[in-house]
Amino acid sequence: MSLSNRDVAHIFQAIADSMEILGEDRFRILAYRRASDAIGDLPLPLADYQARHALEDIPGIGKTIAEKIGVLLDTGTLPLYERLKSQIPAGVLDLLRVPEIGPRTAKRLYDELGIASLDDLRAMVDAGRLREVKGFGAKTEQRIRQGLEMLSQREQRVLMPHAMSTAETLIAALREVFVDLRVTAVGSLRRACPTVGDLDLLAAQDDTAAVVQAFIALPQVAEVLMSGVMKASVVLHSGLQADLLVVPPPQWGSALQHFTGSQAHNIRLRELALERGLSFSEHGFRQADGTLMTCADETQVYATLGLPWIPPELREDRGEFAAARSGTLPNLITLADLRGDLHMHSTWSDGRASIAQMAATAHALGREYITITDHSAYLGVTGGVDAARLRDQAAEIAALNAEYAARGEAFRILHGVEVDITPDGSLALPDAALADLDLVVASLHVSLRQPRDQITARLLQAIANPHVDIIAHPTGRILERREGADLDLEVVFQAAAANGTLLEINSNPERLDLDALHARRALELGVTLVVNSDAHHPDELNQLRYGILTARRAWASAAQVANTWPVEQVLKHCASSVI
DNA sequence: GCCGTTTTCGGCCCGACTGTTTTCAGTCG
């Protein structure tokens with residue numbers, strides 16, 4: 001069994017952690033961390049790069065690490081890793097997960113108390129023995145005890161919409177104290193990451209300490225982890241951690257850039273500043289003579305480095321600086337670009353509203369067209385559609401379209417279906433039934449754990465069916481709950497590009513599937529995407545905004561997303577992909 | 001260990017906060 005990219009990334013992260021505990025050169029450690037991140041971002045298996053002798057072409061991977069990857073892939077093991085493991089047991093690395101425990105503390109706990117696992121640490125804390133370590137007082141012991149208690153909760157990530165609404169609540173609460181306070185959500189939330197580990201807020205006010213004090217006194221706050229004159233960290237009653245940074249108003253731009261991250265993006269940005277003899281921080285640019293140049297907005301930060309403003313969704317150190325330098329940043333899609341929504345349900349299957357209600361809401365939201373795609377009658381799906389019910393449904397849709405036309409409203413309901421791809425790769429409806437529809441969405445719902453070859457072949461068979469226009473939520477992942485299917489996505493993307501099959505970014509916040517990295521790779525291979533709501537209720541038609549954020553993180557422009565097109569163009573594309 | 005629009009050698013992000021060892025190292029984002 002060969003190592004996956006994730007396995008290799010994990011090993012390099014463990015190598016970096018171990019070296020850090022051993023106090024080795026910090027730049028060498030940084031190199032291993034960067035290599036690990038780079039591998040985690042790769043669209044293809046490492047073995048593909050190895051076969052093409054292209055490992056060293058990956059930014060952050062040089063001769064030495066490329067060789068080590070080769071050894072890992074060929075032998076499944078690495079002498080450096082084995083040596084480090086013999087010096088630092090794996091359990092010691094787990095100690096780093098506890099808040100307040102970093103590499104130096106982990107090493108001392110291991111050296112002086114023999115603590116080599118989280119269980120060991122718990123036992124020692126309970127026995128009150130941490131204070132035997134020089135420099136460890138009552139507060140440190142208390143913090144570590146709390147850190148251990150909250151470990152599992154701290155490591156849980158929350159979905160973006162939940163984090164957004166929590167952030168909005170906190171912002172509103174702060175504005176009850178300071179009317180018109182300039183405050184916004186930053187961090188991974190502003191970069192539109194699908195899940196966030198904690199909530200980051202930025203505020204601007206001359207009296208920074210007063211805002212911090214108001215923040216830690218909010219009723220939502222359960223515990224104050226840390227607070228000073230310009231920042232504070234708290235745990236909310238919901239268990240979510242929230243961090244606030246407050247700066248004087250003239251520093252808004254630099255602070256916004258700093259606190260939006262990502263960390264990797266910021267490190268790159270500060271390196272670019274150094275090349276220009278400038279040192280950048282949340283306070284602004286420090287010049288060689290010590291004078292500070294503040295930035296009132298973010299554009300000024302990037303402009304000082306000779307760059308155009310980079311959208312937050314791209315700030316992951318995944319090539320955005322090179323694109324900015326060469327003037328090739330994408331013109332990212334926006335919600336306003338969407339004309340239609342090609343995947344939603346009604347009471348004809350498991351939706352909770354009629355076709356008329358879904359249409360009315362979509363129309364009110366400004367969509368020009370929608371497709372009703374109820375589930376095919378198949379295993380476990382209650383009230384799905386079969387060939388006969390599809391004919392009845394067609395009549396209902398035709399009648400509704402006639403009403404819109406009679407009112408002179410340019411709104412169109414297309415008739416589709418979400419047909420199941422069965423375990424053997426065939427579709428759950430006969431071709432004859434599909435042929436009558438405007439548009440066919442096919443998706444995997446069952447047997448998602450099939451072996452790679454089998455499930456990939458299944459999806460390829462669906463893509464090859466001339467009636468299939470869209471593959472919905474291609475991997476089937478459910479965030480924080482279920483990994484996606486083990487698909488050879490490279491092959492899937494190539495087939496979709498060749499057939500003109502549209503691949504979906506499903507906007508359900510629990511799915512967001514394809515994810516940003518896969519969607520970006522699909523675009524590189526010439527795939528056209530669609531961003532659909534998969535709404536089961538009129539309220540969920542708004543979910544499109546999450547799908548759009550994911551498309552932006554995938555560097556997508558409007559033209560690369562089919563439901564930004566006029567309805568005629570969509571229908572023409574779907575018709576022409578029928579061989 | 002990686003990297004190059006001043007460099008194939010000599011660099012490598014930056015500051016706030018905390019506890020405790022009273023002057024700064026460790027942690028975090």
Side-chain angles (χ1 to χ4, degrees), chain A residues 12 15-16 19-21 23-38 55-69 80 95-109 130-131 133-144 147 154 186-188 196-202 208-209 212 224-233 241-247 251 254-255 257-286 292 305-306 317 321-322 325-326:
Chain A
F12 284 135
I15 287 172
M19 292 199 305
E20 197 157 22
I21 289 172
E24 297 192 13
D25 180 68
R26 66 191 181 102
F27 300 112
R28 200 168 153 231
I29 294 165
L30 180 67
Y32 278 101
R33 290 208 193 284
R34 277 187 168 159
S36 175
D37 290 344
L55 284 169
E56 287 185 52
D57 296 343
I58 301 166
I61 293 179
K63 193 168 186 296
T64 305
I65 289 185
E67 274 173 19
K68 289 189 184 343
I69 293 171
L80 168 68
L95 302 181
L96 299 175
R97 289 160 47 198
V98 181
E100 309 299 324
I101 296 185
R104 317 301 305 175
T105 306
K107 182 160 197 319
R108 296 191 65 189
L109 291 173
L130 252 49
R131 294 192 214 182
V133 181
K134 202 171 162 215
F136 277 46
K139 287 191 175 178
T140 301
E141 186 181 86
Q142 178 62 14
R143 288 198 156 227
I144 288 176
R154 287 279 170 77
V186 286
S188 51
V196 306
D198 63 12
L199 215 55
D200 296 314
L201 298 176
L202 172 69
T208 60
V212 171
V224 179
L225 297 173
M226 169 276 274
S227 82
V229 295
M230 63 178 291
K231 61 204 276 189
S233 283
Q241 182 176 325
D243 300 337
L244 173 74
L245 175 69
V246 192
V247 296
Q251 298 180 12
S254 53
Q257 196 292 318
H258 160 76
F259 216 17
T260 296
S262 65
Q263 192 176 19
H265 176 90
N266 284 0
I267 289 173
R268 287 288 178 212
L269 184 136
R270 289 165 186 207
E271 285 172 356
L272 287 180
L274 283 178
E275 288 175 15
R276 291 169 178 258
L278 298 167
S279 170
F280 182 73
S281 76
E282 58 265 47
H283 301 298
F285 289 95
R286 183 82 58 185
L292 183 71
L305 301 174
D317 189 26
F321 285 111
R325 244 192 318 269
S326 61

Where do N or O atoms of nucleotides 22-24 of chain B meet protein N or O atoms at under 3.5 Å, pair by pair?
none

Could you pick out which residue, A:Leu278 or A:Ala66, lies toward the 5' side of DNA chain B when each is mapped onto its nearest nucleotide?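 The residue closer to the strand's 5' end, by nearest nucleotide, is A:Ala66.
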Relative to the 5' end of DNA chain B, which residue comes earlier, A:Leu225 or A:Glu100, by the nucleotide with the nearest heavy atom?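 Checking each residue's closest nucleotide, the 5'-ward one belongs to A:Leu225.
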Starting from [atom2] on [N], measure out to [atom1] on [X] and report it in whole angstrom.
{"X": "A:Ile69", "N": "B:dC2", "atom1": "CD1", "atom2": "C1'", "value": "13 Å"}
{"X": "A:Met226", "N": "B:dG19", "atom1": "CE", "atom2": "C1'", "value": "14 Å"}
{"X": "A:Leu245", "N": "B:dG15", "atom1": "CG", "atom2": "P", "value": "13 Å"}
{"X": "A:Leu199", "N": "B:dG29", "atom1": "CG", "atom2": "P", "value": "13 Å"}
{"X": "A:Ile61", "N": "B:dC3", "atom1": "CD1", "atom2": "P", "value": "9 Å"}
{"X": "A:Glu282", "N": "B:dC17", "atom1": "CD", "atom2": "P", "value": "10 Å"}
{"X": "A:Arg108", "N": "B:dG26", "atom1": "CZ", "atom2": "P", "value": "8 Å"}
{"X": "A:Arg97", "N": "B:dT27", "atom1": "CZ", "atom2": "C1'", "value": "18 Å"}

Among all residues two or more places apart in sequence or in another chain, which pass the ring pair (Phe, Tyr, Trp, His ring centres under 6.0 Å) test with A:Phe136?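 With neighbours one apart ignored, the set is empty.
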Just by distance, do the side chain of A:Arg143 and the backbone of A:Ile101 share a donor-acceptor pair under 3.5 Å?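 Checking the backbone N and O of A:Ile101 against the side chain of A:Arg143, no donor-acceptor pair under 3.5 Å is found.
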Please identify each residue that fulfils salt bridge (Lys or Arg N to Asp or Glu O under 4.0 Å) with [X], with sequence neighbours left out.
{"X": "A:Lys63", "answer": "A:Glu67"}
{"X": "A:Lys231", "answer": "none"}
{"X": "A:Glu20", "answer": "A:Arg33"}
{"X": "A:Glu271", "answer": "A:Arg34, A:Arg268"}

If you check the [X] side chain, which of [options] turns out closest?
{"X": "A:Phe259", "options": "B:dG29, B:dG1, B:dC17", "value": "B:dG29"}
{"X": "A:Ile65", "options": "B:dC2, B:dT18, B:dG26", "value": "B:dC2"}
{"X": "A:Tyr32", "options": "B:dG19, B:dG1, B:dC17", "value": "B:dG1"}
{"X": "A:Ala31", "options": "B:dT27, B:dG1, B:dA16", "value": "B:dG1"}
{"X": "A:Asp198", "options": "B:dT20, B:dG29, B:dT27", "value": "B:dG29"}
{"X": "A:Lys231", "options": "B:dC17, B:dG19, B:dG29", "value": "B:dC17"}

In chain order, what residues pass the side chain to side chain contact (heavy atoms under 4.5 Å, CB included) check against A:Arg131, with sequence neighbours excluded?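 Here the qualifying residues are A:Ala138, A:Glu141.
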How would you list, by chain and number, every residue that makes a side chain to side chain contact (heavy atoms under 4.5 Å, CB included) with A:Asp57, sequence neighbours excluded?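 With sequence neighbours excluded, A:Asp57 shows a side chain to side chain contact (heavy atoms under 4.5 Å, CB included) to A:Ala54, given in chain and number order.
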Assign [X] to base, sugar-phosphate, or nothing according to its heavy-atom contacts below 4.0 angstrom with the strands shown.
{"X": "A:Ala264", "value": "nothing"}
{"X": "A:Gly135", "value": "base"}
{"X": "A:Gly261", "value": "nothing"}

Would you tell me if any nitrogen or oxygen in the side chain of A:Thr64 comes within less than 4.0 Å of OP1 or OP2 on B:dC2?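 Yes, because at least one side-chain N or O of A:Thr64 sits under 4.0 Å from OP1 or OP2 of B:dC2.
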Tell me whether the side-chain N/O atoms of A:Thr105 come closer than 4.0 Å to OP1 or OP2 in B:dT27.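 Checking A:Thr105 against B:dT27: at least one side-chain N or O falls below 4.0 Å of OP1 or OP2.
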Is any side-chain heavy atom of [X] closer than 4.5 Å to a side-chain heavy atom of [Y]?
{"X": "A:Tyr32", "Y": "A:Ile29", "value": "no"}
{"X": "A:Asp243", "Y": "A:Leu199", "value": "no"}
{"X": "A:Thr105", "Y": "A:Leu96", "value": "no"}
{"X": "A:Met230", "Y": "A:Val212", "value": "no"}

Give me the distance, rounded to whole Å, that separates [N] from [M] when you measure between the [atom1] atoms they each carry.
{"N": "B:dG1", "M": "B:dT6", "atom1": "P", "value": "28 Å"}
{"N": "B:dC12", "M": "B:dC17", "atom1": "P", "value": "25 Å"}
{"N": "B:dT20", "M": "B:dA25", "atom1": "C1'", "value": "10 Å"}
{"N": "B:dT18", "M": "B:dC13", "atom1": "P", "value": "26 Å"}
{"N": "B:dG15", "M": "B:dT21", "atom1": "C1'", "value": "23 Å"}
{"N": "B:dC28", "M": "B:dT22", "atom1": "C1'", "value": "23 Å"}

Return the polar atom pairs (N/O with N/O) between nucleotides 5-7 of chain B and the protein under 3.5 Å, or none.
none

Distance-only donor-acceptor hits, side chain of residues 257-264 of chain A, under 3.5 Å, sequence neighbours excluded:
residue	atom	partner	partner atom	Å
A:Gln257	NE2	A:Asn266	OD1	3.1
A:Gln257	NE2	A:Tyr302	OH	3.2
A:His258	ND1	A:Arg270	NH2	2.8
A:Thr260	OG1	A:Arg190	NH1	2.8
A:Thr260	OG1	A:Leu256	O	2.6
A:Ser262	OG	A:His265	N	3.2
A:Ser262	OG	A:Arg315	O	3.0

Heteroatom pairs (N/O) under 3.5 angstrom, protein to nucleotides 10-13 of chain B:
residue	atom	partner	partner atom	Å
B:dC13	OP2	A:Glu271	OE2	2.6
B:dC13	O2	A:Arg270	NH1	2.7

Name each donor-acceptor pair under 3.5 Å that joins a side chain in residues 273-286 of chain A to protein atoms two or more places apart or in another chain, with its distance.
residue	atom	partner	partner atom	Å
A:Arg276	NH2	A:Leu305	O	3.2
A:Ser281	OG	A:His283	N	3.1
A:His283	ND1	A:Gln251	OE1	2.8
A:Arg286	NH1	A:Gly290	O	3.1

Tell me the partner of B:dC28, counting only Watson-Crick (N1-N3 plus N6-O4 or O6-N4) or G-U wobble (N1-O2 and O6-N3) with both under 3.5 Å; none if nothing fits.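 In the structure as shown, B:dC28 has B:dG15 as its Watson-Crick or wobble partner.
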